[in-house]
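See structure below.
Computed from a predicted structure; not experimentally measured. Protein chains get the first letters and strands the later ones, always in sequence-line order, with residue 1 at the start of each.
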Amino acid sequence: MIRFLHATKTYPNGASGLKDVSFQIPKGEFVFLTGHSGAGKSSILSLIYAEQRPTEGEVRVSGYQISKLGPNDIPRLRRQLGVVFQDFRLLEYHTVEENVAFALEVTGARKETIPNRVMRVLTQVGLASKARAYPKELSGGEQQRVAIARALVNDPHILVADEPTGNLDERATRGVFQLLREINAGGTVVVMATHNMELVRDTGYRTIELKGGRVVYDSGVDQAAGAES
Amino acid sequence: MKHRTPLREALMTFRRTPLLSGLSVASIGFSLFTIGLFGLVAINFQKALQDLAERVEVVAFVLRGTPTETISTASQDITAFPEVLDVSYVTEEQALGRARRELVEFREAYRDLAVNPLPASFEIRLKPEARDAESAQRVAERVRGFPFVEDVRYGRDWVERLDKLRNMAAVVGLVIGLAFAAVAIVIIGVTIRITVLQRAKEISIMRLVGATNRYIRGPFLLEGAIKGISGGLLAIAMCWATFTIFRTSTTAAGDALVFFGGLQMLLFLVFGTVIGLGGSVLSVGRQLRAV
């Protein structure tokens with residue numbers, strides 16, 4: 001589903017984002033990306049959703065080779081992904097249901113199907129009763145749920161979450177994380193960058209730790225190696 | 001749930017950010033207003049030149065005693081010249097009558113004449129495209145070739161000066177007009193860029209959920225076009241107000257002034273729309289490349 005092969009990312013100002021990073025994420029997996037700020041977590045995520053291209057090496061996502069994406073391929077790839085950020089990135093002048101519907105409208109979904117699909121996904125994230133509210137009328141946790149609903153509405157194969165609980169309190173964090181687990185249980189790959197080591201420790205999910213743009217630990221590889229030995 | 005359409009999104013922008021939208025329309029309006037004022041000066045100057053050009057005519061004085069048939073045939077011949085609009089024959093009596101009417105200071109002298117000293121003449125008006133020194137001279141030369149023509153006059157110096165004035169006005173008008181248009185385009189481009197930058201976050205979210213560049217551009221282009229049309233209407237209103245004030249505050253000269261015609265106003269609006277659209281295309285394009 002996702003494959004990094006000797007991927008290196010150097011930014012135009014010379015800063016190094018990633019150095020020779022290789023890993024694979026198969027279908028249905030939940031993966032944590034951990035590491036300090038600047039370790040390369042966001043670089044990996046931005047390569048997955050094609051915000052950046054690798055300087056060297058190969059990045060493949062859902063069959064698309066990121067370095068060879070044409071202008072029309074990027075929207076196609078992103079329609080197969082859901083992306084969630086720490087700062088929610090909602091359209092503040094639109095209601096909750098409009099924010100979610102928006103992700104369907106851009107894909108050219110049939111108009112008559114949109115309200116039902118929106119309500120289904122809002123029910124899934126527990127916000128059906130707030131469909132007509134505006135983002136500023138919601139708590140941080142609720143806003144993040146709207147962002148997750150927007151990411152989910154197109155039934156993505158992969159959900160990319162960049163510090164989704166970074167701005168949330170303990171209770172909201174647990175709620176959002178539980179939602180991501182449920183989504184993963186439905187077969188969607190979830191790649192979540194986080195600083196919250198408590199979350200990482202409490203679950204048995206695969207963890208890829210980054211430092212200075214390199215992978216310094218990958219529990220998936222260690223487990224595979226352990227199984228082989 | 002209201003569905004997102006490019007037009008709805010474009011109109012919503014005016015509701016969400018009334019101040020910025022108002023400022024955009026005002027800056028487009030004022031930029032076009034400067035062009036409009038220049039345009040008004042230009043069309044009135046052009047009209048004044050046209051009025052002057054209408055006075056370009058060739059007068060051929062006819063020898064006394066030229067037979068009527070010869071006059072009639074010659075009149076038809078001259079009318080057939082490609083440069084000629086029409087020909088009128090002024091008899092000696094008509095010339096005297098006109099002199100008595102128009103030359104008030106000589107009225108007494110003309111009244112007591114025993115013999116009419118004024119010759120008959122052909123007054124030859126030229127077609128609008130032939131009201132220049134070269135054409136007037138060509139017609140004069142040909143008319144001079146008739147044996148019964150005593151003299152031909154067309155105010156050569158005056159026509160040549162008019163030609164120079166016209167050429168100069170065209171060059172100056174083009175240069176100043178282009179300069180005004182360039183300044184307006186820059187101001188409008190900057191204004192629209194500010195509105196696009198203000199919505200950079202929205203554009204990045206659109207891209208993130210898989211919107212194509214075409215889908216993203218739609219509302220912005222419509223918004224630019226609406227601002228362009230609104231700015232154009234504002235500019236026309238300001239031009240009209242300025243024109244009215246100027247005309248009422250001046251005396252006789254003001255009555256001769258003209259305002260834009262329907263087609264010119266339409267062109268003005270189209271120009272505003274194109275500038276609004278162009279500014280949006282460039283600004284959104286830059287933003288799409290940046291995110």
B:Phe45 and B:Phe38 aromatic centres sub-6.0 Å: no
Neighbour count >12 (heavy atoms, 6.0 Å) for atom CD, B:Glu134: no
Cation-aromatic face contact A:Arg174/A:Phe177, 6.0 Å, 45 degrees: no
A:Phe32 and A:Tyr205 aromatic ring geometry - parallel, tilted or perpendicular at 30°/60° bounds: tilted
Side chains of A:Thr55 and A:Tyr11, donor plus acceptor under 3.5 Å: no
Residues from residues 211-222 of chain B approaching chain A under 4.5 Å (heavy atoms): B:Ala211, B:Thr212, B:Tyr215
Aromatic plane relationship, B:Trp240 with B:Phe259 - under 30° parallel, 30 to 60° tilted, over 60° perpendicular: perpendicular
A:Leu90, part contacting chain B, at a heavy-atom distance under 4.5 Å: backbone
Chain B contact via A:Arg76 - which portion, at a heavy-atom distance below 4.5 Å: neither
B:Lys127 atom NZ, neighbour heavy-atom count above 12 within 6.0 Å: yes
